[in-house]
Amino acid sequence: MDLNSTQNKDIYTYLREALITAVSVELPQDFEIEFESPKDPSHGDISTNLALKLAGVLRKPPITIASEIVNNLPIDDSFIAKAEAVKPGFINFTYSETYSRNALADLLLKGEDYGKCDIGGGKRVLLEFVSANPTGPLNIVSARAAALGDSLKRIMNACGYRAESEFYVNDAGQQVLLLGHSFLVRHAKTMHNIDIGFPEGGYKGAYVMEMAVDWVDKDFDWHNLNDEQKLRAGKMMVDRIVVNQKSTLNLFNVSFDKWIYESEIRTKNNPDKLRDELIDKGLACLKDGAVYFKTSQFGDDEDHVIWTSAGRPTYFLPDIAYHQDKYERGFEWLIDIWGPDHHGYIPRMKAALKALGHPEDSFTVILAQQVNLMRGGEKVKMSKRAGEIIEMNELIEEVGTDAARFFFLQRKASAHLDFDLDLAVKETEENPVFYIQYAHARLCSIERFAEDPGIKMDAGKINLLKETEEFNLIKRLIEFPQIIQLCCRKLEPQPITVYLLQLASTFHSFYQKRRVVTDDRELSSARLALCHAVKQVIANGLNLIGVSAPDRM
RNA sequence: GCGCCUGUAGCUCAGCAGGAUAGAGCAGCGGCCUUCUAAGCCGCAGGUUGAAGGUUCGAGUCCUUCCAGGCGUACCA
C-alpha cells in the first residue's frame with residue numbers, strides 16, 4: 001500500500017526495513033516496530049520507541065541500543081535527513097527536504113483523492129443511524145447521530161470500504177396506531193368541534209395539530225373509532241412525517257442511500273414465520289404464554305420476549321428480522337448508531353445475531369451519547385409524547401448546518417454533550433468551524449489575487465520552498481492520510497476536526513509571515529502550489545465531515 | 001443491586017491501541033492592519049489529569065477499590 005508518495009515505497013516501509021537491518025539481533029517473531037508523530041518539533045517528524053521496547057530483551061540500557069541502531073542505520077536521503085538517538089531511548093527521524101517536496105508534489109497530483117486509502121478492501125458496510133420513530137420531527141439527538149453516521153460513511157468510503165447508509169422507519173407497531181388515534185382526536189376537535197378522549201400516552205406535539213388542520217376525510221363515527229381507521233390515519237401521518245424528516249436531513253447535508261420500512265421487512269419475513277423458525281431451531285421457547293429468544297445462551301444475561309402473551313410481536317422480533325435482512329442483502333459489517341436509551345438493548349441484539357450464526361465482530365453498535373440542551377442555564381427536558389422537543393430544524397436554523405455538524409463531531413460520540421442553545425446562537429461568529437472555513441476562503445482569495453498579475457501555481461517550482469513556515473505546512477499536509485485512517489479505525493470522525501484546526505492554524509501563521517504573491521514570480525508560483533495543496537486538504541477534510549468549504553466569507 | 005458512559009485550565013473539550021516538558025478554543029491581560037480577507041497573527045497568565053493503591057524503563061491512557069454526575073436495566077418502541 002503506497003499512501004503518500006510517488007516513490008516506490010513509503011517512508012514507513014523504508015524505516016522498518018532500515019531499522020531491521022540496523023538492529024544487531026534477530027527480532028522476536030511478532031515484534032512490531034511502532035512509529036508516532038512527536039508533539040514537540042525538536043523531536044523530529046517521526047519517532048520510534050524500538051530501543052525502549054528492546055531494552056528488556058537485550059538487557060542493555062535503551063539509550064545504548066538506540067545509539068547502536070542509529071550508527072548502523074542506512075540513511076536514504078530521499079526519505080530522511082537525519083536520525084537521532086535521544087534521552088530515554090527514542091530514535092527520532094527528520095524528513096529530508098526531498099521527501100517533503102515529493103510528498104507535496106504527490107498531493108497535488110492526487111487532488112481530491114489525497115487522503116484516500118484502501119484499508120477497507122472493498123468490504124460492504126451498512127451504517128444504520130437516526131432511524132427515529134416516525135411519530136414526530138427529528139430532535140437534537142438525531143442530529144448528533146446524523147452528523148456522526150453520515151461522516152463515518154464518507155470516511156469509510158474514502159478508506160476503501162463500500163459503505164452505505166440506511167434509515168429504518170418503524171411504521172408497523174402499536175405506536176402508529178396511537179399516533180393515528182392522537183391525530184383523529186385533534187382532527188375531531190379542530191374540524192368538527194367534537195370532544196373525544198385523548199388516548200393514554202398519546203402524542204400531543206404541535207405537529208399533530210398542524211397536520212390535523214389540513215387533513216380532510218370522510219365522516220367517521222367519532223365516538224367509535226376502530227383500529228383500522230386509527231392505523232390508516234397513523235400511516236398517513238407517518239408518510240408526511242417521513243417527508244419532513246427527509247427534508248430536515250437534506251438541510252443537514254445528510255442523504256441516506258436507502259429508507260427502509262418495517263412494514264416491508266414484515267412482508268418479506270413475517271414475524272409469525274420467523275417466530276416459528278426460531279422455535280424450530282431451538283433458539284426460542286414458550287414460557288408463561290410468551291415466546292422467549294434464548295439470548296442468554298449467547299452472551300446475554302437473560303432471555304428476552306419476542307412474542308407477548310397477548311399474541312403480538314415485541315419490537316425485538318422484527319428488529320431481528322431487519323438485521324437478518326441486512327446480512328441477506330450482502331452486507332458484511334453492520335454498524336448501528338443508537339441513542340443512549342437503547343444501550344441495554346445491545347447484548348440482546350448481539351446475542352440474537354450470534355445465535356443466527358453471524359460472526360460477533362460483524363455487528364457493531366456505536367452509542368451516540370445523550371445531548372443535554374441548556375437554555376437560560378437550565379437543562380431542557382425533552383419528551384416526544386409530552387410534546388416538548390427541540391427540533392433539529394430549529395437547531396439548523398439557529399446555528400447552521402456547518403457549525404452544528406462540526407460542533408457535534410468535535411466531541412467523541414461516547415461523551416455526553418451539553419449543548420447550550422443560548423451560547424450556540426451567541427457564539428455563531430466565534431465557532432471554530434469558521435476559523436477553518438476562513439482559512440479556505442483566504443486561500444481562495446489569494447488565488448483570485450494572483451489572477452491579475454497572471455501568476456499561476458507551478459508544482460515544478462516547489463524546490464524553491466525553503467522557509468520553516470513552508471515546511472511546517474507541508475509536514476501538516478503529510479499527516480492527513482494517517483488522520484483519516486485513524487478516524488476510520490476508531491469509527492470516530494473527531495480527529496479530523498482537531499487536525500483541520502491545526503492545519504488552519506499553521507496556515508494562518510504562514511500567511512502572517514510569508515507573502516504568497518510578490519514580484520518574484522517563480523517563488524510566487526511555488527507558494528501558490530503550496531497554498532493550493534493546503535486548500536485541497538482543507539476541502540477534502542471538510543468534505544469528509546460534511547461541512548462546506550466556502551470560496552469567500 | 002447489576003451494567004454502560006463521563007470526571008483533564010475559570011468554561012467547552014483534545015490527548016492519536018502506554019511514551020519525551022499534559023494541549024487547543026473561548027473567557028482574561030499586553031502587543032500587531034499604507035501590501036494577497038484582522039472571522040487573522042504574536043506574547044503573558046492559567047493544572048495535585050475526581051481520590052487512593054497497583055502493573056513497568058515510563059500511566060491522563062491499563063488493573064483494583066472508592067467518590068461524584070448521567071443513562072440503562074419491560075410481555076414499550
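Here is how names work: the chains are called A, B, and so on, in the same order as the sequence lines, proteins then strands, and each is numbered from 1.
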Q: Would you indicate which nucleotide in B/rA77, B/rG15, B/rA17 comes nearest to any side-chain atom of A/Gln494?
A: B/rG15
Q: Scan side-chain atoms only and decide if A/Ser42 and A/Asp40 contain a donor-acceptor pair under the 3.5 Å cut-off.
A: yes
Q | Inter-nucleotide P distance (B/rG58, B/rG15), Å rounded | A | 25 Å
Q: Look at the side chain of A/Lys412 and decide which nucleotide, out of B/rA77, B/rG15, B/rC42, has an atom nearest to it.
A: B/rG15
Q. Within the modelled atom types, does a donor on one side and an acceptor on the other bring the side chain of A/His304 and the base of B/rA74 under 3.5 Å apart?
A. no
**Q.** Side chain of A/Phe434 (C-beta onward), nearest among B/rC41, B/rA77, B/rA39
**A.** B/rA39
Q.
Rounding to an integer number of angstrom, what distance separates B/rC4 and B/rG43 when you compare their C1' atoms?
A. 45 Å
Q | Base paired to B/rC62 (Watson-Crick or G-U; both N/O distances under 3.5 angstrom) | A | B/rG54
Q: Answer yes or no: is there a side-chain heavy-atom contact under 4.5 Å between A/His440 and A/Lys535?
A: yes
Q: Hey, which sits more toward the 5' end of RNA chain B by its nearest nucleotide, A/Pro313 or A/Leu501?
A: A/Leu501
Q.
Please pick, from B/rC75, B/rC4, B/rG19, the nucleotide with the shortest atom-to-atom distance to any side-chain atom of A/Tyr292.
A. B/rC75
**Q.** Options B/rA17, B/rA14, B/rC5, nucleotide nearest the side-chain atoms of A/His416
**A.** B/rC5
Q) With nearest nucleotides of RNA chain B determined for A/Lys53 and A/Val498 from heavy-atom distances, which residue corresponds to the more 5′ nucleotide? A) A/Val498
Q. How would you label the contact of A/Ala441 with the nucleic acid (heavy atoms, under 4.0 Å): base, sugar-phosphate, or nothing?
A. base
Q. Among the nucleotides B/rU6, B/rA39, B/rA17, which one has an atom lying closest to any side-chain atom of A/Met553?
A. B/rA39
Q. Choosing from B/rU12, B/rA20, B/rA38, which nucleotide comes nearest the side chain of A/Glu36?
A. B/rA20
Q: Decide if atom CD of A/Glu34 counts as having more than 12 heavy atoms of other residues, nucleotides or ligands within a radius under 6.0 Å.
A: yes
Q | Separation between the C1' atoms of B/rC67 and B/rA45, rounded to whole Å | A | 32 Å
Q. So, for A/Phe363 and A/His323, is the gap between ring centers shorter than 6.0 Å?
A. yes
Q: Side chain of A/Tyr511 only, please: which of B/rC57, B/rA38, B/rU35 is the nearest?
A: B/rA38
Q. Is B/rC41 syn or is it anti, if syn means the base angle is within 90 degrees of 0?
A. anti
(Q) If the cut-off is 4.0 Å, is A/Thr314 near the phosphate of B/rC76, judged by side-chain N/O to OP1 or OP2? (A) no
Q.
Please verify the inter-ring angle class for A/His304 with A/Phe316; under 30° counts as parallel, over 60° as perpendicular, anything in between as tilted.
A. perpendicular
Q.
At less than 3.5 Å, do the side-chain atoms of A/His343 and the base atoms of B/rG3 form a donor-acceptor pair?
A. yes
Q) So, is A/Arg411 close to the B/rG15 phosphate, meaning a side-chain N or O under 4.0 Å from OP1 or OP2? A) no
Q: Verify the distance criterion only: is there a donor paired with an acceptor across the side chains of A/Thr506 and A/Asn472 at less than 3.5 Å?
A: no
Q. Nearest of B/rA20, B/rC41, B/rA38 to any side-chain atom of A/Arg442?
A. B/rA38
Q. Below 3.5 Å, does any donor atom in the side chain of A/Asn49 face an acceptor in the base of B/rA20, or the other way round?
A. no
Q.
What is the separation between atom CG on A/Asp301 and atom P on B/rU73, rounded to the nearest whole Å?
A. 12 Å
Q: Report the glycosidic orientation of B/rA38: syn if within 90° of 0, anti in every other case.
A: anti
Q. Taking atom C1' in both B/rA9 and B/rC5, what distance in whole Å separates the two?
A. 23 Å
Q: Output yes when at least one side-chain N/O atom of A/Thr518 is less than 4.0 Å from OP1 or OP2 of B/rC36, else no.
A: no
Q) Distance between the P atoms of B/rA68 and B/rC62, in whole angstroms? A) 22 Å
Q) Does B/rG40 have a Watson-Crick or wobble partner in any strand here, with both distances under 3.5 angstrom, and which is it? A) B/rC32
Q. Ignoring hydrogens and angles, are the base of B/rA14 and the side chain of A/Thr497 linked by a donor-acceptor pair under 3.5 Å?
A. no
Q: For B/rU48, give its Watson-Crick or G-U wobble partner with both distances under 3.5 Å, or none.
A: none
Q.
If you compare every side-chain N and O of A/Lys39 against the phosphate oxygens of B/rA20 (OP1, OP2), does one of them come in below 4.0 Å?
A. yes
(Q) With a 3.5 Å limit on both atom pairs, tell me what B/rC26 is paired to, counting Watson-Crick and G-U wobble, or say none. (A) B/rG10
(Q) I need the CZ-P distance between A/Phe510 and B/rC42, as an integer number of Å. (A) 14 Å
(Q) Looking at B/rC4, which nucleotide sits across from it as a Watson-Crick or G-U wobble partner, both distances under 3.5 angstrom, or is there none? (A) B/rG70
Q: Could you measure between the two C1' atoms, the one in B/rG54 and the one in B/rG10, and give it in whole Å?
A: 34 Å
(Q) Let's go through A/Asp319 and A/Arg348 carefully: what are the C-alpha distance in whole Å and the side-chain angles of both, what is the deciding distance for salt bridge (charged side-chain N to carboxylate O under 4.0 Å, His left out) to 0.1 Å, and is it a yes or a no? (A) CA-CA 11 Å; A/Asp319 217 16; A/Arg348 190 182 313 187; over 6 Å; no
Q: Could you point out which residue of A/Phe129, A/Tyr322, A/Tyr261 forms a ring pair (Phe, Tyr, Trp, His ring centres under 6.0 Å) with A/Tyr168?
A: A/Tyr322
(Q) Can you check the distance between B/rG60 and B/rA51, where both ends of the measurement are the C1' atom (answer in whole Å)? (A) 14 Å
Q) Could one point to a donor on the side chain of A/Ser309 or the base of B/rC75 with an acceptor on the other under 3.5 Å away? A) yes
Q. What distance, rounded to whole Å, do you find between the two C1' atoms, one in B/rC11 and one in B/rG18?
A. 30 Å
Q | Nearest listed nucleotide, side chain of A/Lys490, among B/rA17, B/rA77, B/rC36 | A | B/rA17
Q: Take the protein atom CG of A/Leu54 and the nucleotide atom P of B/rG19, then report the distance between them rounded to whole Å.
A: 18 Å
